[in-house]
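Encoded as structure tokens, the structure appears first; notes follow it.
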Amino acid sequence: MTLQDMNEYETAFNEDDEEDSDWEPLKRHVEILKWFCTNCTMVNLDDVVHCDVCGEHKRSGILRNGFFASPFFEDAIASRTESESAGRDADSSSRNSVSSCSTAVGFDERMLLHSEVVVKSHPHPERPDRLRAIAASLATAGIFPGRCYPIPSREITQQELQMVHSSEHIESVQLTSHLYSSYFTPDTYANEHSARAARIAAGLCADLASEIFSGRCKNGFALVRPPGHHAGVRHAMGFCLHNNAAIAALAAQAAGAKKVLIVDWDVHHGNGTQEIFDGNKTVLYVSLHRHEGGNFYPGTGAAWEVGTAGAEGYCVNIPWSRGGVGDNDYVFAFEQVVLPIASAFGPDFTIISAGFDAARGDPLGCCDVTPAGYAQMTRMLNGFSDGKLLVILEGGYNLRSISSSATAVIKVLLGEHTETEFVKRGPSRSGLQTVLKVLQIQKNFWPTLGPSFEELDLQWRIFSIRKKNKQLKKRRRTLAPICWKWGRKSVFYHLLLKGHFVAKSKRR
Ligand SMILES: [Zn+2]
Ligand SMILES: [Zn+2]
Ligand SMILES: [Zn+2]
């Protein structure tokens, strides 16, 4: 059949059946061959009922049935105006005493307007439902609105942005507000509301930082998007427009903080934050992330990236060599690397770049950190800088995982008991290897790590020798039977082939 034949055939067919009714069921069938998971956006084949990645049901009602459409938003506005009027009525000293022992949350609905406008073959994982999900979870738990108080939102100023980003970058983000849809990179989108959402996110982070540092509130959680840790001095990438954590660190310093610790437990390396504070001894950047020899996005963050220009050691990268990393490896790395270095550094303000994409069930991170693990890490960092701790949301794309993880973290900020306590076990082999490598490099800048490196290294050597011996013994045991088996087999085949050959030759 040539192309011309095909055209003729099609025309003939169309003439016979103008309504194309025969084709419709087939077309419909093709359309429902796959479905996208509401909870994690991943694609599944039609005959699968539960999502392959996160286990969510195909016809999940988490969004449709109002699970995440909580009365939160109206309540938040009501409580905000309530607290504002209360603040106006009361004198400032009593207002301080009310909030100085409480946890603040930064949130603004206008950040929900930032979304990908262009309909693509796959829904974008960094979507407004992420904030809706966490907000609804907090509302259900009576945390926010409830036991946390909202801080008023504002847009970050040009001057504040310029302390972190180049004028060209700020302008390029600003320009998107005139465009219906635009892209910084193929996966970093913007719509007409994105620039404002990014300014509000950064503004909330800056204000939370100065509120916490000045003691007007105990600690805080920035429930913000777009995320920030991939945004560098002059580039937007990896769903990030402005670097919220960097802006918060500088706001804390503007309020008087001398040394700021940033711990980034997002599953991706915060290349933007690392770049911004490279060569800066007043900000210590620590990141735990999947790296896999540079094959995991964004590819930076190897253990040997320790900072430059006389600030070596003020950048600490803990690069996992595989996926599936869980609570035990994270907590082990905290005990061996993060806490000793943080103690030696002695921060007076602490920021967590809290992506929840290393959480169990995340479609992008494919790791295994549970809410109990996140709560434990928060508890461990809460011991620094007099508890002046700001948690900033970065990534995390499984709605259920990010909701339960963020809720567990905020409960620690509130000083509340979390339902599931972390049960400590040892690290995995690869986790231990990564931590050893980091210790070996960082002990040159942080002498406090020396003894624990020697000790762990010795344990590792003993473990390796024992393992080798075990393997040798095993091989010796299995060696004889294999020879014997193969010996018998070869005799058997020899006979069989010979017989076959004989049979064949006889027939001739
Ligand atoms: Zn899913
Ligand atoms: Zn990270
Ligand atoms: Zn991430």
Side-chain angles (χ1 to χ4, degrees), residues 34-64 67-68 122-127 129-131 133-134 185 187-188 201 222 224-232 236-241 243-246 262-274 285-292 295-301 317-320 323 325 330 352-369 374 377 391-406 409:
K34 58 184 183 181
W35 55 278
F36 294 102
C37 174
T38 319
N39 184 44
C40 77
T41 74
M42 285 296 112
V43 66
N44 288 280
L45 288 175
D46 190 44
D47 55 346
V48 176
V49 179
H50 292 276
C51 173
D52 277 335
V53 175
C54 75
E56 189 75 25
H57 196 278
K58 188 179 183 175
R59 277 179 286 280
S60 164
I62 49 170
L63 293 169
R64 210 172 42 236
F67 182 84
F68 289 146
H122 188 281
H124 201 289
E126 206 293 279
R127 57 210 193 278
D129 287 339
R130 297 174 60 238
L131 289 195
I134 298 175
T185 66
D187 64 1
T188 310
V224 295
R225 64 183 285 277
H229 74 150
H230 293 305
M237 64 178 272
F239 321 158
C240 302
L241 303 189
N243 197 308
N244 302 322
I262 302 178
V263 176
D264 183 332
W265 71 41
D266 185 285
V267 80
H268 302 99
H269 178 236
N271 56 313
T273 316
Q274 176 172 307
Y285 177 67
V286 183
S287 176
L288 306 98
H289 48 267
R290 277 181 70 181
H291 185 253
E292 282 137 74
N295 289 315
F296 196 78
Y297 187 88
T300 49
N317 282 305
I318 304 172
W320 304 125
V325 187
Y330 272 86
I352 303 177
S353 258
F356 294 110
D357 41 9
R360 179 177 291 174
D362 191 275
L364 266 60
C366 303
C367 281
D368 200 35
V369 180
Y374 284 118
M377 291 193 279
V391 182
I392 299 175
L393 182 69
E394 299 281 0
Y397 308 101
N398 177 320
L399 300 185
R400 289 193 192 275
S401 305
I402 62 174
S403 304
S404 52
S405 303
V409 166

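One-based numbering along the sequence shown. One-based numbering, in listed order, for ligands and for the atoms of each. The structure displayed is predicted, hence computed values, not measured ones.
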Would you call the rings of H124 and F239 parallel, tilted or perpendicular, taking 30° and 60° as the class edges? perpendicular
To the Zn ion (ligand 3), the closest N, O or S atom belonging to D357 is OD2
Relative to the Zn ion (ligand 3), which of the N, O or S atoms in H268 is the closest? ND1
Can you name the one residue among W320, F296, F356 that meets ring pair (Phe, Tyr, Trp, His ring centres under 6.0 Å) with H268? F296
Where the Zn ion (ligand 1) is the centre, what is the SG-to-SG angle for C37 and C51, rounded to 10°? 110°
Looking at T300 and H291, what are the two nearest heavy atoms and their distance? O-CD2, 3.2 Å
In terms of the angle between their ring planes, are H230 and Y297 parallel, tilted or perpendicular, with boundaries placed at 30° and 60°? perpendicular
Kindly indicate whether the side chain of D264, heavy atoms from C-beta on, has any atom under 4.5 Å from the side chain of H269. no
Taking both backbone and side-chain atoms into account, decide whether D266 has an N/O/S atom under 2.8 Å from the Zn ion (ligand 3). yes
Just checking: H229, one of its N/O/S atoms, less than 2.8 Å away from the Zn ion (ligand 3), yes or no? no
